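Every chain is numbered from 1, with letters handed out A, B, ... down the list of sequences. Quick caveat: nothing in here was measured; it's all calculated off a predicted structure.
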There are 2 protein chains.
Amino acid sequence: MIQISVLGYGTVGSGVVEVLNTNKESIAKRAGQEINVKYVLDLKDFEGDPIQEKVVHDYSLIVNDPEVKIVVETMGGVNPAYEFVKEALLKGKSVCTSNKELVASHGAELLEVAKKNKVNFLFEASVGGGIPIIRPLNQSLTADEIQEITGILNGTTNYILTKMSQEGVGFETALKDAQEKGYAERNPEADIEGYDACRKIAILTSLAYGMHVNFEDIYTEGITKITDVDIRYAKEAGAVIKMFGTSKKVDNKVFAMISPVMINSTNPLYSVNDVFNGIFVKGNLLGDVMFYGAGAGKLPTASAVVSDVVDAVKHLGINIMQIWSSKPLELADINDSVHRYFVRIPKEEEDKAREVFGAIETIDAGVYGDFGFITGEMTEREYKEKAENLIIRNMIRVAF
Amino acid sequence: MIQISVLGYGTVGSGVVEVLNTNKESIAKRAGQEINVKYVLDLKDFEGDPIQEKVVHDYSLIVNDPEVKIVVETMGGVNPAYEFVKEALLKGKSVCTSNKELVASHGAELLEVAKKNKVNFLFEASVGGGIPIIRPLNQSLTADEIQEITGILNGTTNYILTKMSQEGVGFETALKDAQEKGYAERNPEADIEGYDACRKIAILTSLAYGMHVNFEDIYTEGITKITDVDIRYAKEAGAVIKMFGTSKKVDNKVFAMISPVMINSTNPLYSVNDVFNGIFVKGNLLGDVMFYGAGAGKLPTASAVVSDVVDAVKHLGINIMQIWSSKPLELADINDSVHRYFVRIPKEEEDKAREVFGAIETIDAGVYGDFGFITGEMTEREYKEKAENLIIRNMIRVAF
């Protein structure tokens, strides 16, 4: 039997305990031994909960107990998670976490500390919830050089955009519905402004290229400016609007960004709807692969954490994660990236637009006083220069 | 530097050498050391090919060379692959194979031999070509009990069905086109009769439940009876026809089958088209995940083999594969499985059909003299009993 401890008994932490209880036998079989939760660290007492007797409030009890071999960190936030995790690794305990803020900001360092101490720092649940993506990137796509990772990485925004698209409602209505269903938080900023997806694409990009991507360097544009009018245009063009996190290697430069994108049915992420996530990876030899599943939710996320625990049990004393160096990966200037652009302007500016953009593809969505079109390919810089001459109602990048 | 050998320099075998050459540096970085092909076993000499100096015709040179730590088996077929692989494992060499016939018929035994000899028997490329599915099943979905695996597991038949659906051509025309493009063999039986997919679902099911599934026990129905008329009905119903390999756990019984199935756009496999494969897995806690990519092709398949080689290098002396026991998994009688059925009969039997099947959903595809409908849910046994009263032109299971 192996002893583990859980830090933080919130949604994911209590899910971890539930998963370990529900599938006790099959998990023990796969791990090669039974897994027992010795302590749960939380500020609350959980009186009356069967977990009560395991709850402690003092982390030193856990980190100094040589019986505890694996620590599950499901507190969220950078502090004190960072200090707790680092201390555990230094004391020879493996750590499994669902905490994307922690991994995005300190992943390189913690992977290195784990390696030095012959333990593992695993974070499958930090990206894509229940979708296996970190382990495939680390262990399966090892024969390839990664050329692109593009994902629908945030379930909340995907729910909102799906609802807007399928029911024709506006952004505010869709957001309210997401909040009522518990998919969006009362303060939804981290989701709708793209900050959550930004940390996730930073983690995936760091892992793919083996160097540290500072998430603050990633151009991040959320979905708050998407209106029902834009959705009408997208429909007319046979497209949907999704929020993509993308990193792409072009001529040895890596571009990374979060932004709404118009895609059509030729894109493998086209039918990733509601709260589901999808992550597309292009290898130089493998071609395209795509991973799809529940991007969040208590049990899917907890299941991913427990799969890390099983892996940690099977690899006691052996470091298995590819580390990414602390050396910063300099991202290319997004102004040099090339796209097509969907643009909406006042109808009376049509002639000027044709003059400025040259050959365009018009979309007639029957919106009075509006003129919508898709430009040819050009850099962001070229687009901005041209757009300065017009009254832009909205611009959405086009990926077809 | 680690020495490996490749058995069989055909499409996949030469692909493995190409992948190792093309991504030499990044592969060495991930494996922790350089990988060198010492021998290539083949009947031919490959005169003038740079590989020529490595070619040997005598397997004993390879299996008795203690420098060779990993053997890549890409010969195909059960014999002599089975004898070669077993001997390599017994001599303490790990084996990576793309050979689904071998894995489906001798997987349980070879995994056990590998375990006993502290080496690895890896076969990522045997199912789904370049799609990571064996390793995720073995290492990522470990916290879950698998309830269902359903896949589009054969690229040839998916190409044919996609072409029939998108261009309205008949089966023979689509098959001919697939043959001309090199997607189907001159003798296409293994693909179009479902035998290839059958071996793949046998492997996935064995791995998911840890017991040996005899592929000969799996009900297997190919796509040769699908006509352009069926496709017209599917379209009318907002559906497409795909060939599914499925295994499903219902009340602790496992049902497995290969057959054409009608699905609509709510199914995550709906937009898996052309030669692409998609594999859907349902866990009891994780919910639905789906893996998508190139199901065949020289480089995607070779990339999967090389990812196994990297894993074998990283795990010298440590067995990592979950073994499946040689104990046979008794599959449930397919007659007890429950579906809805699309049925086509002569128009004049409409009244009789309504009498026999009760409430049905009719589909008007404008086919003269034909009556098409979808039944309610019933077991295969019930369906067969009812169908005996009618002249059945075709029946296709419906998964919505």
Side-chain angles (χ1 to χ4, degrees), chain A residues 15-16 18-20 22-23 25-27 29-31 124 129-136 138-145 210 265 268 270-272 276 278 280-281 283-294 297 299-300 302-311 314-315 318 320 322, chain B residues 15-16 18-20 22-23 25-27 29-31 124 129-136 138-145 210 265 268 270-272 276 278 280-281 283-294 297 299-300 302-311 314-315 318 320 322:
Chain A
V16 166
E18 186 177 337
V19 169
L20 287 168
T22 307
N23 289 345
E25 274 178 49
S26 64
I27 290 171
K29 200 177 153 198
R30 286 183 180 130
E124 182 60 71
I131 306 174
I133 179 63
I134 300 293
R135 200 171 287 105
N138 189 56
Q139 278 160 269
S140 287
L141 306 179
T142 50
D144 272 62
E145 289 175 12
S265 65
Y270 179 78
S271 45
V272 177
F276 283 92
F280 165 91
V281 183
N284 69 330
L285 301 174
L286 186 61
D288 302 346
V289 291
M290 202 264 282
F291 303 85
Y292 165 95
L299 293 178
S303 165
V305 175
V306 174
S307 76
D308 275 349
V309 173
V310 171
D311 226 8
K314 286 165 75 181
H315 289 93
I318 306 155
I320 52 171
Q322 186 186 325
Chain B
V16 166
E18 186 176 337
V19 169
L20 286 168
T22 308
N23 290 344
E25 274 178 49
S26 62
I27 291 171
K29 197 177 155 198
R30 285 181 181 132
E124 181 61 71
I131 306 174
I133 178 64
I134 301 293
R135 200 171 287 106
N138 188 57
Q139 280 160 268
S140 287
L141 307 178
T142 50
D144 271 64
E145 289 176 9
S265 65
Y270 179 79
S271 45
V272 177
F276 283 92
F280 165 92
V281 182
N284 68 331
L285 302 174
L286 185 62
D288 302 347
V289 290
M290 203 264 281
F291 304 85
Y292 165 96
L299 292 179
S303 165
V305 175
V306 174
S307 76
D308 275 349
V309 173
V310 171
D311 226 7
K314 285 164 75 181
H315 290 94
I318 307 155
I320 51 169
Q322 187 186 326

Quiz prompt | Exercise: identify the closest heavy-atom pair between A/Gly130 and B/Val289 | solution = O-CG1, 4.1 Å

Self-check item: Proximity breakdown for A/Ile318 and chain B, heavy-atom pairs closer than 4.5 Å
Solution: side chain

Quiz prompt | Segment of B/Ile134 engaging chain A (4.5 angstrom heavy-atom cut-off) | solution = neither

Exercise. Determine the option with the most heavy-atom pairs under 4.5 angstrom with chain B, choosing from A/Ser26, A/Gly15, A/Gly283, A/Gly129.
Key: A/Ser26

Self-check item: Options B/Val19, B/Thr142, B/Thr22, ranked by heavy-atom pairs under 4.5 Å with chain A, top entry
Solution: B/Thr142

Quiz item: Say you draw a straight line from CG of B/Asp144 to OG of A/Ser303; how long is it, rounded to the nearest 0.5 Å?
Solution: 3.5 Å

Self-check item: Heavy-atom pairs under 4.5 Å with chain A, option from B/Leu141, B/Asn284, B/Asp311 with the top count
Solution: B/Asn284

Quiz item: Does any heavy atom of chain A fall under 4.5 Å from the side chain of B/Gln322, the backbone, both, or neither of them?
Solution: side chain

Quiz prompt | Closest approach of B/Ser140 to A/Ser307 (non-hydrogen atoms, all atoms of both residues) | solution = O-CB, 2.9 Å

Exercise. For chain A, find which of B/Glu124, B/His315, B/Lys29 contributes the most heavy-atom pairs closer than 4.5 angstrom.
Key: B/His315

Self-check item: Within-4.5 Å side-chain heavy-atom neighbours: A/Tyr270 and B/Ser271
Solution: no

Quiz item: With chain B, which of A/Ile27, A/Asn23, A/Leu20 has the greatest number of heavy-atom pairs at distances under 4.5 Å?
Solution: A/Asn23

Exercise. Check whether A/Asp308 gets within reach of chain B through its side chain, its backbone, both or neither, counting any heavy atom under 4.5 Å.
Key: neither

Quiz item: To the nearest 0.5 Å, how far apart are CD in B/Gln139 and CG in A/Asn138?
Solution: 10.0 Å

